[in-house]
Amino acid sequence: MQNDIYKLTIKEARTLLDAREVSSVELTKSFIDRIDSVESRVRAFVRVTPEVAIEQAERADLAISQGHSSLMTGIPLQIKDNMCTKGIVTTCSSIMLRDFVPPYSATVVDRLESENAVVIGKGNMDEFAMGSSTENSAFHSTHNPWDLERVPGGSSGGPAASVSASESMAALGSDTGGSIRQPAALCGVVGMKPTYGLVSRYGLVAFASSLDQIGPITRDVTDSAMLLTAISGHDPKDSTSIPVPKQDFTKALDKGIKGMKIGVPKEYFVDGIDSEVDQATREAIEVLQSLGASVDWEVSLPSTEYALAVYYIIAPSECSANLARYDGVKYGYSDQSSESMWAELENTRQQGFGPEVKRRIMLGTYSLSAGYYDAYYLKALKVRTLISEEFSEAFKKYDVLVTPTSPTPAFKIGEKTADPLQMYLSDVLTIPVNIAGLPGISVQCGFSQGLPVGLQIIGPQMGDATILRVAHAYEQASEWHKLRPEI
């Protein structure tokens, strides 16, 4: 067995597993050894599950030997810790759920386990997915594998860092306002937010239900297409799941982009964007042009400037409703020291939630209150419609829109924790995609200050295969995806 098989992509591992040149147990043990080697520095996991992983790997090897191999059979994956895993503690990186063991698994986990995938552990995250740096975890901050003094992004910082540091072959993250794409950009991996409703949210602990979406974080675009194929498809348990037939997203990857129309929205090159991020993005767009696509650099989406404000009314409003269930009565953390039920409820929420979660609950409760509902929440919904309509108009002319993923590369741990507004601005380029329910993907397109830069490709609703095709064409014409941090 090679010592470095943890460096394989899913596609490469799939070939070796099916040819019986490597076993899933060997593959899984190589990742467990890799985690033992680097996890103390990266801290990408809330919980590593080696016993569960080896048991699942043994089942995968048996399935392969019997000729029952699927895309994810025997592949070691990390699952973000806001997706329920039956029998494995699911914390959302919060004191509130630190001892919660779900009695069922999320649909995406069930689908992976039905293919005999291997769950190697649960990924660290900003508490209840609220944050852009994974510094809001109640347990520990995750470090960027490219520079351990910098953040990996968030809220899916653990999944992005684990893939970047080769602690997992791929991971599942969730994206509410950029929480897959932004950390993928900062960690130099591929992160995809599918069309809203394409992947079931059943078993995903809710933050903002109209914005949340599960998606893949992988080493390359082919792996993202493979993982999306495994987890997507209609789910009757999720009322927002789109009733469409299951699709193989790998089939369109090699069709090229000759003749495609690409729009570049000028509002995404915001004031304060890092100059090297700006340059890397423009050079990547020129690569797409050289591959035969036509590029319009003068696209305008004027309502984009309001997206951040819309998001920080809608998301906190939904989170204030969703997190009302954590009252210390049904499950999760419960303060038992108070003399009355009301004091117990108050202390449970005071002690169980971190400062960012409490900040957003208060923002949302204020926005929904009787005197301010029309002025804030209702107005935000109207602007959300405008943003969606502008995207719809743009996609009548263009196949995809291309932008930077993050205005800056990874910033230093602690640099923005004292200024929530500066932290919120980290997602200014990714939030509009969630507001409109569109698919978006981030691929690495260069470096700034020695740190990865992400290129974001946005498609129309159900244009997931199209953005994967464009991302794959760019990836094949560049070398960035082959580079790995030296850790």
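Values below: all heavy atoms of this structure, side chains included; hydrogens, waters and symmetry mates excluded. Along the sequence shown, the residues carry numbers beginning at 1.
Defined by atom type and a distance below 3.5 Å, a donor-acceptor pair is missing between the side-chain atoms of Ser174 and Asp212. Between the side chains of Ser69 and Arg14, a donor-acceptor pair is found at a separation under 3.5 Å. Between the side chains of Ser155 and Lys80, at least one donor-acceptor pair of N or O atoms lies under 3.5 Å. Side-chain N/O atoms of Ser93 and Glu127 include no donor and acceptor closer than 3.5 Å. Judged by distance alone, the side chains of Thr73 and Asn116 never bring a donor and an acceptor atom under 3.5 Å apart. Looking only at atom types and distance, the side chain of Glu113 has no donor-acceptor partner in the side chain of Ser105 under 3.5 Å away. In this model, no donor atom of one side chain and acceptor atom of the other lie less than 3.5 Å apart for Tyr311 and Asn434. Arg201 and Thr240 form a side-chain donor-acceptor contact under 3.5 Å, judged by distance and modelled atom types alone. Between the side chains of Thr134 and Arg43, not a single donor N or O lies within less than 3.5 Å of an accepting N or O.
Proximity of Phe411 to Leu451: side-chain heavy atoms (C-beta onward) are nowhere separated by under 4.5 Å.
To the nearest 0.5 Å, atom CZ of residue Phe139 and atom CZ of residue Phe45 are 15.5 Å apart. Asp254 contributes atom CG, which lies 7.0 Å from atom CD of Gln476 (distance to the nearest 0.5 angstrom). Taking OG of Ser162 as the reference point, atom CE of Met169 lies at 11.5 Å (rounded to 0.5 Å). Interatomic distance, OH of Tyr474 versus CD1 of Ile285, reported as 10.0 Å (0.5 Å rounding).
In Tyr306, the OH atom is not crowded: 12 or fewer heavy atoms of neighbouring residues, nucleotides or ligands sit closer than 6.0 Å. Around atom NZ of Lys382, no more than 12 heavy atoms belonging to other residues, nucleotides or ligands sit under 6.0 Å away.
Ring planes of Tyr377 and Tyr373: tilted class, angle from 30 to 60°. Ring geometry for Tyr326 versus Phe128: interplanar angle of 30 to 60°, hence tilted.
Figure legend: cation-pi geometry between Arg360 and Tyr312 absent, as NZ or CZ is not positioned both under 6.0 Å from the six-membered ring centre and within 45° of its axis.
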